[in-house]
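Order of listing sets the numbers, starting from 1, for every ligand and every atom in it.
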Amino acid sequence: MEGLEPEAQAAVDSAVSAARAAFTAPVSLADRTERLDRLEAMVRERADDFLEALALDLGKHPTEGWTTELGTVLAEIGHLRKLLPEWLRPRKVPAAGSLAPSRSWVENQPLGTVLVIAPWNYPVQLVLSPLAGALAAGNTAVVKPSEVTPHVAKVLVSALRDYLGDVVGVVTGGVPETTRVLQHRFDHVFYTGNATVGRVVMRAAAQYLTPVTLELGGKSPVWIDDTVDLGTAADRIAWAKFLNAGQTCVAPDYVMGPPEVLTRLEPLLVAAIRKLYGRNPAESESYGRIVTERHLSKLTDLLADVAAEDVVTGGARELSQRYLAPTVIRSAVDGPFMRDEIFGPVLPLVPVEDHHAAVGTINSGEKPLALYVFSEDDDVRTAFRGETSSGGLVLGAALVHLAHPQLPFGGVGESGIGNYHGEYSLETFSHPRAVLDKPLAPDTLKVIYPPYGPLKSRLAKIALGAPAPSTVVRKLLNR
Ligand code: NAD
């Protein structure tokens, strides 16, 4: 394969074959719990290494590293461990009268060996949270951290080898390595990243009919009107947008509202940013960095197309520091930042006539990963709930739905396929096997065997609740 040395190919192949060989069924509750325990110990005992790597790769403050990465993973592990005994119990379903006597139930089985491919923006969480689900469901796994955050990838390699090397393989590298790993057969592929690569992953999985989960992104809009406390809303929007320097898949991408509301919102957003990061965010330890100079250049190129009078605040940058100030701009619906997901600390305020126009704008684009509505008006809330579709919907806040362990997390349409977190992870990484247990005596099944006649026809109708047959069918049945 182009660009991949034979040793690198062999490293990928052996990571996959080791994980495959490590899968043996059944996988007991005790084994699953023990693997989750080891994952938890790894996160706790290697926390300093992870936090240091996050600071180097993304300028992430250790507190933010805890709240949005390590703590999130620990909460997920704890929740999964709690769910597991219930999840593994065969779930009885009522007996079907037509099949009496018999008993039926559903039992969740592991899929086998799964592949987890992760991006760089939450490079610990987005490897370890899906992995926790995969292990809880009894699978072995191969994980592929992002090459864009090399310090985190290095810690993941050594930590996973030390704590879970018997059941988890790690493949490092970029496109050639990922292409190679995707040539292997897996029982599920879980990809987080952009939709272009999502399509590459789905095509590769199709050759084996391997199911995929695609956790993608897109533009997550905000609606705001004057029925809410604009100050609190500005604080919540600014926090959600500028966390991780805007590099969050569910970050508010742009804000729509009536023109006069957005005018009132502007100084409140400026004040909110100052509360979060001080007068000069470049000096704030709480403010993150753009992951690479290339990613920063994409943002500054777009900013070059924004007129100076449309910059409400921010715009300052320092390429060598990978710094871009929290930036708020005024934008038209078709402005330079309105084409693609921004994925950086630039927040366009987009005036629209009313919420109907906002719904129209949302529905004219791809289905978002998240939608945020700041309104106390029941009609407005009902309109966004009923007339739009998105992965998640949050009323009165942004981002926080991710922290609820009982809510599914995933997209719809262009923002993704499938869900995870808690029981949704268990569903994603398990097969619900249908089991029916029917004694051989009495042999009730013979009532439906040929040859057919009037008695069997009547019995079949009673058993299966068939509607009265038409004259033609009746004639046929009574033949
Ligand atoms: P990325 O560049 O790190 O890519 C993700 C993974 O895909 C990496 O492991 C990378 O090596 C691999 N990859 C890249 N190109 C490939 C190719 N041609 N073939 C095979 N593999 C390839 O991350 P990214 O895509 O820049 O991440 C940002 C995107 O991810 C945004 O759109 C964001 O919204 C989305 N995202 C979604 C979620 C979610 O949970 N839904 C979370 C985070 C990010």
Heavy atom under 4.0 Å from ligand 1: found in Tyr122's side chain, backbone, both, or neither?
neither
So for Leu216 against ligand 1, with non-hydrogen atoms under 4.0 Å, the contacting part is backbone
Ion pair present between Asp37 and Arg81, side-chain N to carboxylate O less than 4.0 angstrom?
yes
Kindly identify the option in Val143, Thr178, Val148 whose heavy atom sits closest to atom 21 (N) of ligand 1.
Thr178
Look only at interatomic distance and state if Gly174 has a nitrogen or oxygen under 3.5 Å from any nitrogen or oxygen of ligand 1.
no
Taking the minimum heavy-atom distance to atom 6 (C) of ligand 1, which of Gly416, Ala204, Ser146, Ala118 ranks first?
Ala118
Answer with side chain, backbone, both or neither: which part of Asn121 has a heavy atom less than 4.0 angstrom from an atom of ligand 1?
side chain
If you measure from each non-hydrogen atom of Glu147 to ligand 1, which part falls under 4.0 Å: side chain, backbone, both or neither?
side chain
Would you check the N or O atoms of His295, main chain and side chain alike, for any that come under 3.5 Å of an N or O of ligand 1?
no
Salt bridge (Lys or Arg N to Asp or Glu O under 4.0 Å), that's the test. Do Arg180 and Asp13 meet it? Break it down for me.
CA-CA 8 Å; Arg180 179 75 190 177; Asp13 297 351; 2.7 Å; yes
Ligand 1 versus Thr248: contacting region, heavy-atom distance under 4.0 Å
neither
Could you tell me if the ring centre of Tyr420 sits under 6.0 Å from that of Phe429?
no
Specify the protein heavy atom at minimum distance from atom 35 (C) of ligand 1: its residue, its atom name, and the distance to 0.1 Å.
Gly193 O, 3.3 Å
Please state which part of Ala195 comes within less than 4.0 Å of ligand 1, counting heavy atoms only: side chain, backbone, both or neither.
neither
Please list all pairs passing the side chain to side chain donor-acceptor pair (under 3.5 Å) test where one or both residues lie in residues 408-418, with sequence neighbours left out.
Arg199-Glu414
Verify side chain to side chain contact (heavy atoms under 4.5 Å, CB included) between Trp223 and Val359, making sure each step is shown before the conclusion.
CA-CA 9 Å; Trp223 164 260; Val359 167; over 6 Å; no
Contact partition for Asn194 relative to ligand 1, non-hydrogen atoms under 4.0 Å
both
Check contact between Gly411 and ligand 1, using heavy atoms of the residue and a distance below 4.0 angstrom.
no
Specify the protein heavy atom at minimum distance from atom 7 (O) of ligand 1: its residue, its atom name, and the distance to 0.1 Å.
Tyr191 CE1, 3.4 Å
Please check whether Trp120 reaches ligand 1 - meaning an N/O of the residue sits under 3.5 Å from an N/O of the ligand, judged on distance alone.
yes
Do Thr213 and His188 get their side chains close enough for a donor-acceptor pair, meaning under 3.5 Å?
yes
Please answer whether the main-chain N or O of Val114 pairs with a side-chain N or O of Asp187 as donor and acceptor at a distance below 3.5 Å.
no
Are any of the side-chain nitrogens in Asp340 or Lys298 under 4.0 Å away from the carboxylate oxygens of its partner?
no
In terms of atom number and element, which parts of ligand 1 are under 4.0 angstrom from non-hydrogen atoms of Leu369?
41 (N)
Ignoring hydrogens and geometry, is there a side-chain-to-backbone donor-acceptor pair from Lys241 to Val346 under 3.5 Å?
yes
Run down the list Asn244, Val197, Ile117 and name the one with the heavy atom closest to atom 13 (N) of ligand 1.
Val197
For atom 27 (O) of ligand 1, what's the nearest protein heavy atom and its distance?
Pro119 CB, 3.7 Å
So, Thr428 side chain and Asn419 main chain: donor-acceptor pair closer than 3.5 Å or not?
yes
Is there a polar contact between ligand 1 and Phe409, counting only N or O atoms under 3.5 Å apart?
no
Whether Phe343 and Trp120 hold their rings parallel, tilted or perpendicular, with breakpoints at 30° and 60°
perpendicular
Quick check against the 3.5 Å criterion: does Arg46 have a side-chain atom that pairs as donor or acceptor with the backbone of Arg44?
no
Considering non-hydrogen atoms of the protein only, which is the closest contact for atom 28 (C) of ligand 1, and what is the distance?
Phe343 CE2, 3.6 Å
